[in-house]
Amino acid sequence: MIERTSHSSSEREYVPGMGKHFLLPVYDVVHHVFGLQPIHREMVALAALRDGHRVLDVGCGTGNLLRTTGKLHREVDLVGLDPDQKALARARRKARRAGLTMRLDHGFAQELPYPDASFDRVFSSLMLHHLDTASKDALLGEVRRVLRPDGLLVLADAVVDGHGHGHGPGRMSEHLRDNVGDAVSRRIVSAGFTVEPTRTMGLRIGGTIGIELARPTRAAAD
C-alpha cells in the first residue's frame, strides 16, 4: 500500500472554489443561486452507495456534497480533501451543525494522501476545470490509484461548446478549453477507466453540467 504526503499550500498553486479567495464568503450563496443542490443529489443517487462504503470528495470546498451525502446515507464513511484551509474550516462548522462526522483533509488532487485501493467511491464536483491539463491527468491517475477495483468515480464538470464558451476571460477560461465536447470523458478513459455515456443537467444559472460515471478498467485495477 502506498500513502502520499501532500505539498503545503505554499509549494503548489491552486484556484479556489470561487476563483478568488476573497469571494469565499459568498460560496454557499452562489451554490444555492446557481442550483447546484440538484446536481449533488443526482451524483449521490448515481453513486449507488451502501452502508460501510468509504467516500472521498476531491476538492470538497465548504463540504456541500459531503453534507448531502451524509444526510442521505448516514452509514457511509465521509472524507473530503481541499487545498483551501478556510473552506475546510467552513466545512467543519457546517458538518457539526448538521450532526455529521466526516474527515476533512488539507491536500491537493494531484497527489492524494491516501493508500492504494482505499475508497469505494470518489466524487469530484465542478473542480476539474480549476486544474491545468497536466494536473487533470495527475488527478485522474490518483483517483484510479485510490479507488478499489470495484469502485466508482462520479465526476461533474462544466460542459463547454466548440467555441470554448464558459467562464470569463483569464486563467479559468484557459482551463475550460479541456472541457470542449467529449474531452472530459475521453480524458477519463485515457486514465484507465470505463466511462458510461455522459449525463447532463442544467444549472438554474450558468449553463450545463456533465456528470461522468467511470469504473477502473480491469487492466488498471489489477
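- One side chain, His129 or Asp157, offers a donor N or O that lies under 3.5 Å from an acceptor on the other.
- Side-chain contact check for Arg148 versus Phe119: every heavy-atom pair is 4.5 Å or farther apart.
- Rounding to the nearest 0.5 Å gives a distance of 8.5 Å between OG1 of Thr101 and CG of Leu78.
- Residues Phe123 and Val55 meet the side-chain proximity criterion, which asks for heavy atoms closer than 4.5 Å.
- Side-chain contact check for Val195 versus Leu153: every heavy-atom pair is 4.5 Å or farther apart.
- The main-chain N or O of Asp120 is never found under 3.5 Å from a side-chain atom of His53 such that the two would form a donor-acceptor pair.
- The line from CG of Leu81 to CD of Glu142 is 10.5 Å long, rounded to the nearest 0.5 Å.
- Atom-to-atom distance recorded for Met102:CE and Thr69:OG1 is 8.0 Å, nearest 0.5 angstrom.
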Would you check, one step at a time, whether the test side chain to side chain contact (heavy atoms under 4.5 Å, CB included) holds for Leu49 with Leu72?
CA-CA 10 Å; Leu49 293 168; Leu72 294 171; over 6 Å; no

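- Counting heavy atoms of neighbouring residues, nucleotides and ligands inside a 6.0 Å radius, atom CZ of Arg54 exceeds 12 of them.
- Between the side chain of His73 and the backbone N or O of Gly70 there is no donor-acceptor pair closer than 3.5 Å.
- Interatomic distance, Ile209 CD1 to Met43 CE, rounded to the nearest 0.5 Å: 10.0 Å.
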**Prompt:** Please walk me through it: do Glu196 and Arg215 pass salt bridge (charged side-chain N to carboxylate O under 4.0 Å, His left out)?
**Reply:** CA-CA 9 Å; Glu196 295 186 10; Arg215 294 174 173 80; 2.9 Å; yes

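- Looking at Val76, Leu65, Leu66 one by one, the single match for side-chain contact (heavy atoms from CB on, under 4.5 Å) with Val44 turns out to be Leu65.
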Kindly determine whether Tyr114 and Leu56 satisfy side chain to side chain contact (heavy atoms under 4.5 Å, CB included), including the steps that lead there.
CA-CA 10 Å; Tyr114 308 110; Leu56 171 64; 3.8 Å; yes

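- Taking each heavy atom of Cys60 and Leu88 in turn, the nearest pair found is SG-CD2, 3.8 Å.
- With a 4.5 Å cut-off on side-chain heavy atoms, Asp105 and Arg103 count as touching.
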- [ ] Could you walk me through whether Asp57 and Val79 pass side chain to side chain contact (heavy atoms under 4.5 Å, CB included), step by step?
- [x] CA-CA 6 Å; Asp57 183 11; Val79 180; over 6 Å; no

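- Between Arg145 and Asp116 a salt bridge is recorded (basic side-chain N to carboxylate O distance below 4.0 Å).
- Side-chain atoms of Gln110 and Ser135 form a donor-acceptor pair, as typed in the model, at a separation below 3.5 Å.
- Counting heavy atoms from C-beta outward, Arg187 and Thr133 have side chains that approach closer than 4.5 Å.
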* Could you please spell out the steps behind the side chain to side chain contact (heavy atoms under 4.5 Å, CB included) verdict for Val159 and Asn179? => CA-CA 6 Å; Val159 174; Asn179 283 42; over 6 Å; no

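- Annotation: the span from Asp82 atom CG to Arg90 atom CZ amounts to 13.0 Å, rounded to 0.5 Å.
- Considering every non-hydrogen atom in both Gly151 and Pro216, the closest pair reads O-CD, 3.4 Å.
- How far CD of Glu212 is from CG of Leu152: 11.5 Å, rounded to the nearest 0.5 Å.
- Test Leu139, Leu155, Val146 against Val58 for side-chain contact (heavy atoms from CB on, under 4.5 Å) and you get one pass: Leu139.
- The neighbour count for Arg74 CZ, taken as heavy atoms of other residues, nucleotides or ligands under 6.0 Å away, is above 12.
- Residues Leu46 and Arg199 have side chains in contact (heavy-atom distance under 4.5 Å, counting atoms from C-beta outward).
- Judged by distance alone, the side chain of Arg67 and the main-chain N or O of Ala95 form no donor-acceptor pair under 3.5 Å.
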